[in-house]
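Report on the structure given below.
Below, each value reflects all heavy atoms present in this structure, side chains not excepted, and no hydrogens, waters or symmetry copies. Residue numbers begin at 1 in each chain, while the letters A, B, ... track the order of the sequences.
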Amino acid sequence: MPRLPVLIADDDATARNFLKAFLKKFDYDCTLASDGAQAWEAYRSTQPMLILADWLMPGLSGLELCRMIRAERRPRYPYFILITALSGKGSFLEGMNAGADDFVTKPYDLDEMAARLRVAERIISLQTEVRQLEGLLPVCTHCRRIRDAGDGWSSIEQFVTRHTDLLLSHSICPDCYGEKVAPGLDRLKSGTGGQAS
Amino acid sequence: MTAILDQTTLAMLREAQEPGAPDIVEETVAIFLADAERRIGLLRDAVAADDAAEVRRLAHAIRGACLVLGVSRLAEACGVLEQLGAAGSLAEAPPALERLGQEYPSARDALRAMARRPGP
């Protein structure tokens, strides 16, 4: 299972160090940035799926970084957690309206932070599942089974039923009717009977 | 009265210690103290220059780092200066700065004592 690429952006070295240490137990692939501009470059080059950014940074703020990331509209939606020592409903609303998925205040409540990171992981894996449905499906050239999660191969019925709310109703397309079904019916009508091939 | 240091934060940091790696509490405390001393120096200059915006920025930065490590009383002292800077009026800043100067040595000594404690 590949490690989740994470970007930590904070101009405070204590905060960066602390978060890096805390996130070790989650086994993420962390990149650190010490200001907004560096964070933006790191975002473009490492394509993190989870971003933890401090609000107040010199130059490009965490809030502005969030807006820029959302404006880019990449196919993969990164989960953005805004961090701040600023308090108050106004800050919260401004952060969420800028496109943040979550908002965390300093001092860190580490149990809460862990719970929020698990939420982030759930949302990210949900997105991965959706992408698998929208993207390229490996199909066997011979039997037409689809490669499913964990290297199993499933029939199209099994795959669709497992991954969507769709129900399949079986019918016969015109080509197969003409090729496979109609000759058998004709034989029955003409009385030659026998087994259809 | 607010505690000088919230010990649970550093205890949690110690849990992230990897065997054989440099001591994580010692490393983080060293970073904090170096930054705090530098910023307090700049804060004094900003108060002397009556630069409210800079006072706000620096006080916020120190307070943020204090909050990360649970240095509660020092965080409070910074909070006062941050608010004065935000209000744009530094008339009350000198006594607030003096309080900060008094709180800092206790915070520094408490952090160093925690950093010296052996891990589990």
Side-chain angles (χ1 to χ4, degrees), chain A residues 3 6 8-30 32-36 52-64 81-88 90-91 94-95 103-117, chain B residues 2-3 5-19 21-39 42 53-54 56-76 78-79 82-83 85-86 107 111 115 119:
Chain A
R3 292 159 78 209
V6 175
I8 299 169
D10 199 316
D11 62 317
D12 183 53
T14 305
R16 276 199 310 277
N17 212 56
F18 188 92
L19 269 182
K20 187 178 104 177
F22 175 66
L23 293 187
K24 272 206 173 81
K25 65 170 139 182
F26 292 83
D27 195 32
Y28 295 151
D29 184 8
C30 288
L32 304 186
S34 55
D35 63 48
L52 290 109
D54 194 48
W55 185 315
L56 273 184
M57 290 191 285
L60 195 68
S61 70
L63 190 77
E64 286 159 348
I81 299 178
L82 201 51
I83 301 175
T84 186
L86 294 168
S87 57
S91 303
E94 200 181 351
F103 187 89
V104 167
T105 55
K106 291 174 181 173
Y108 305 125
D109 179 319
L110 294 184
D111 291 334
E112 206 180 280
M113 179 79 101
R116 289 169 190 273
L117 288 170
Chain B
T2 309
L5 190 63
D6 173 0
Q7 313 237 341
T8 51
T9 311
L10 285 172
M12 280 190 242
L13 187 60
R14 184 161 275 122
E15 280 174 26
Q17 180 67 47
E18 288 191 334
D23 188 288
I24 204 162
V25 174
E26 211 177 288
E27 198 178 66
T28 311
V29 165
I31 291 171
F32 171 84
L33 292 175
D35 276 351
E37 285 184 22
R38 182 179 53 85
R39 284 166 174 159
L42 292 170
E54 191 66 355
R56 181 193 187 182
R57 188 188 73 78
L58 287 161
H60 178 85
I62 305 168
R63 188 171 79 90
C66 286
L67 290 175
V68 167
L69 288 192
V71 191
S72 313
R73 213 182 289 171
L74 193 63
E76 270 181 13
C78 293
E82 186 183 346
Q83 278 172 19
L111 282 166

**Request:** Go through the structure and list residues passing side-chain contact (heavy atoms from CB on, under 4.5 Å) with B:A21, not counting sequence neighbours.
**Result:** B:Q17, B:E18
**Asked** Side chain, backbone, both or neither: which part of A:L23 has an atom under 4.5 Å from a heavy atom of chain B?
**Response** neither
**Request:** Check whether any side-chain heavy atom of B:V68 lies under 4.5 Å from a side-chain heavy atom of A:Y108, and answer yes or no.
**Result:** yes
**Residue-level interface, residues 9-19 of chain A with chain B, non-hydrogen cut-off under 4.5 Å** = A:D11, A:D12, A:A13, A:T14, A:A15, A:N17, A:F18
**Item:** Whether over 12 other heavy atoms sit under 6.0 Å from A:K24 NZ
**Value:** yes
**Message:** Heavy-atom count check: over 12 atoms from other residues, nucleotides or ligands less than 6.0 Å from B:R56 CZ?
**Reply:** no
**Message:** With rounding to the nearest 0.5 angstrom, report the OG1 to NZ distance, B:T28 to A:K20.
**Reply:** 9.0 Å
**Prompt:** Which region of B:T9, side chain (C-beta onward) or backbone (N, CA, C, O), has a non-hydrogen atom less than 4.5 Å from a non-hydrogen atom of chain A, or is it both or neither?
**Reply:** both
**Complete:** Here the pair of heavy atoms bringing A:A85 nearest to B:H60 is CB-CE1, 3.9 Å
